Enquirer: 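Below are the structure tokens for one structure; questions will follow.
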Amino acid sequence: MKQRILIVDDEQNARDALKTIFTEEGYEVAEAGDGEAGLAALSSFKPDAVLCDIRMPKMDGLQLLEKAKQEGHGAVFVMVTAFGSIETAVQAMKAGAEDYVTKPIDVTAVLARIEKVLEKRALRQENELLRERLREKYKFSNIVGESPELQGVFDVVVRAAPTRATILVLGESGTGKELIAQAVHESSPRREKPFVKVNCAALTESLLESELFGHEKGSFTGATGRREGRFELANGGTLFLDELGEISPALQVKLLRVLQQQEFERVGGTQTIKVDVRVVAATNRDLEAEVKAGRFREDLFYRLNVVTVTLPPLRKRKSDIPALVQHFLERYGSMHGKQMKGLAPGVLNVLLAYDWPGNVRELGNVIERAVVLARGSELTSDDLPTAMRGPRPSDRSSDALIPGASLYDIEREAILRTLDLVGGSTSRAADLLGISVRKIQYRLKEYAEADNAAAQKHVN
Ligand SMILES: Nc1ncnc2c1ncn2[C@@H]1O[C@H](COP(=O)(O)OP(=O)(O)OP(=O)(O)O)[C@@H](O)[C@H]1O
Ligand SMILES: [Mg+2]
């Protein structure tokens, strides 16, 4: 596509000369004889670059430049100044011009300048586009799930992310708390600044303190130099405090102060350091219960709890399972060089029937393992862990029992349900099932023994 140049100059001769040259060089050219006409041409012609004289009647070049920036036209400006008026040139650059040339115009130089600024502009646009795409992609597309529960979470994230509000992310292990923290950062105005993560459970109290706030040289044995803490590193950005429920009472006090005043001192230091940090905290503990039990400061809890996002366990939003399975099949398929088409019949039912105590992380692990083991391009129930396929005797009401259950369990289910149906009559049940009364009685004894044993185990 041809690049468009708008030439704004009050001298007809100059315009004509420039127009001829740029047209010859393959540009599409429009011209205007003063600032006002130039402004109109910006809207109608939509140039990529403007070669703009400064001294002109009606509206001069600087005014045109300013108006163009105000109105958000994307064209780059190269200004034409009278020889020796360097001040005007500087003024123009400050107002957002990309470059300038002096009169009398050197045609070759002008062509080269224009070409260069257009190249720069294209690069900028490309970068912007890439960043935009990355942002879009990162935003939520790696958080999979369409359940109303998860949509509710997204809704809170979208509304709270642009603010400075502290966000508390709650949920069992593996529900995606860290993903949410990243999403908050990525959809906030701080996205270009650091996202810093601290796992509060991974360090001892004193190490965690210096990790968070930094330390001065010699503040403790081994502190050979000054070190900046994570709060300083996260300045302007977001600090993710993972497993926050684990921090000691003394650190809770310090944390409260930073959250309230955005200031602190390094360990062993006296200088007060100011920071601008947005905090997202996560825990799989029930913080309210911790507060009641006196292990977590109430004031800190309220300070953190400005906005709370609770990620429901996977078993409470099983409608997310199919999309998550698809997501993990693609991810691990390409990671392990296997083109996965999908699941063999019945496998999804096994996945839906399972309880997922390890939540999405466990599902991801199960799918990764299955992808690695799969012989073909479909996952079969053979590729799932035996425990998942194994008997689930307690699950009596499940209609999805058959795929993945043992024949023993299916028989048990059939016998018990048929007995229910016929009001407990073993002879009628035997008729319906096509087995002997003795077999039913024998099985019932077995079931009772097994249940007793299970109950016994439970008590111990
Ligand atoms: N909705 C989701 N879509 C895609 N991947 C997810 C989703 N939720 C979680 N995951 C994946 O599951 C794994 C666990 O998620 P994450 O680390 O965010 O959990 P967590 O709640 O922080 O767990 P923990 O409390 O154990 O630290 C990660 O690999 C993450 O990418
Ligand atoms: Mg985590």
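No hydrogens, no waters, no symmetry mates; every other heavy atom, side chains included, goes into these values. Note that ligands are numbered from 1 as they come in the structure, with each ligand's atoms numbered from 1 the same way. All values reported here derive from a predicted model rather than from experimental measurement.
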Enquirer: If I apply the N/O under 3.5 Å rule, does S173 come out as touching ligand 1?
Expert: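 Checking ligand 1 against S173, an N or O pair does fall under 3.5 Å apart.
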Enquirer: Starting from atom 4 (C) of ligand 1, locate the nearest protein heavy atom and write down its residue, its atom name and how far away it is, to 0.1 Å.
Expert: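 Minimum-distance protein heavy atom for atom 4 (C) of ligand 1 reads N142 O, 3.3 Å.
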Enquirer: Return the orientation label for the F213 and F231 ring planes: parallel under 30°, perpendicular over 60°, tilted otherwise.
Expert: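 Ring orientation, 0 to 90° scale: parallel.
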Enquirer: What protein heavy atom is closest to atom 16 (P) of ligand 1, reported as residue, atom name and distance in Å?
Expert: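 Scanning the protein heavy atoms, the shortest distance from atom 16 (P) of ligand 1 goes to G176 CA, 3.7 Å.
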Enquirer: Just checking L123: does its CG atom have more than 12 heavy atoms from other residues, nucleotides or ligands closer to it than 6.0 angstrom?
Expert: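 Yes, enclosed.
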Enquirer: Which residue holds the protein heavy atom closest to atom 25 (O) of ligand 1, what is that atom called, and what is the gap in Å?
Expert: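 In this structure, atom 25 (O) of ligand 1 has K177 NZ, 2.7 Å as its nearest protein heavy atom.
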Enquirer: Mind checking what makes side-chain contact (heavy atoms from CB on, under 4.5 Å) contact with V291, not counting sequence neighbours?
Expert: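 Partners of V291 under the side-chain contact (heavy atoms from CB on, under 4.5 Å) test: F296, E298, F301.
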Enquirer: Give the ring-plane orientation class for Y332 versus F328, where under 30° counts as parallel, over 60° as perpendicular and anything between as tilted.
Expert: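 Ring orientation, 0 to 90° scale: parallel.
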Enquirer: Of the options K318, R315, E362, which is the one that meets Y354 in a side-chain hydrogen bond (donor to acceptor under 3.5 Å, both in side chains)?
Expert: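 Only match with Y354 under side-chain hydrogen bond (donor to acceptor under 3.5 Å, both in side chains): E362.
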Enquirer: Give the residue, atom name and distance (to 0.1 Å) of the protein heavy atom nearest atom 17 (O) of ligand 1.
Expert: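 Residue, atom and distance for the closest contact: R361 NH2, 3.2 Å.
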Enquirer: Is it the case that more than 12 heavy atoms not belonging to Y100 sit under 6.0 Å from its OH atom?
Expert: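 12 or below, so no.
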Enquirer: Which residue owns the protein heavy atom closest to atom 1 (N) of ligand 1, what's the atom, and how far is it?
Expert: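 In this structure, atom 1 (N) of ligand 1 has V144 O, 2.9 Å as its nearest protein heavy atom.
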Enquirer: With respect to atom 7 (C) of ligand 1, which of L314, L179, N199 exhibits the smallest heavy-atom separation?
Expert: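 Going through L314, L179, N199 one by one, L179 has the nearest heavy atom to atom 7 (C) of ligand 1.
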Enquirer: Considering G174, A201, G358 one by one, which has a heavy atom nearer to atom 23 (O) of ligand 1 than any of the others?
Expert: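 Selected option, by shortest heavy-atom distance: G174.
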Enquirer: Would you say atom 28 (C) of ligand 1 makes contact with the protein, given that contact here means a non-hydrogen protein atom less than 4.0 Å away?
Expert: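 Flag for atom 28 (C) of ligand 1 set to false, no protein heavy atom closer than 4.0 Å.
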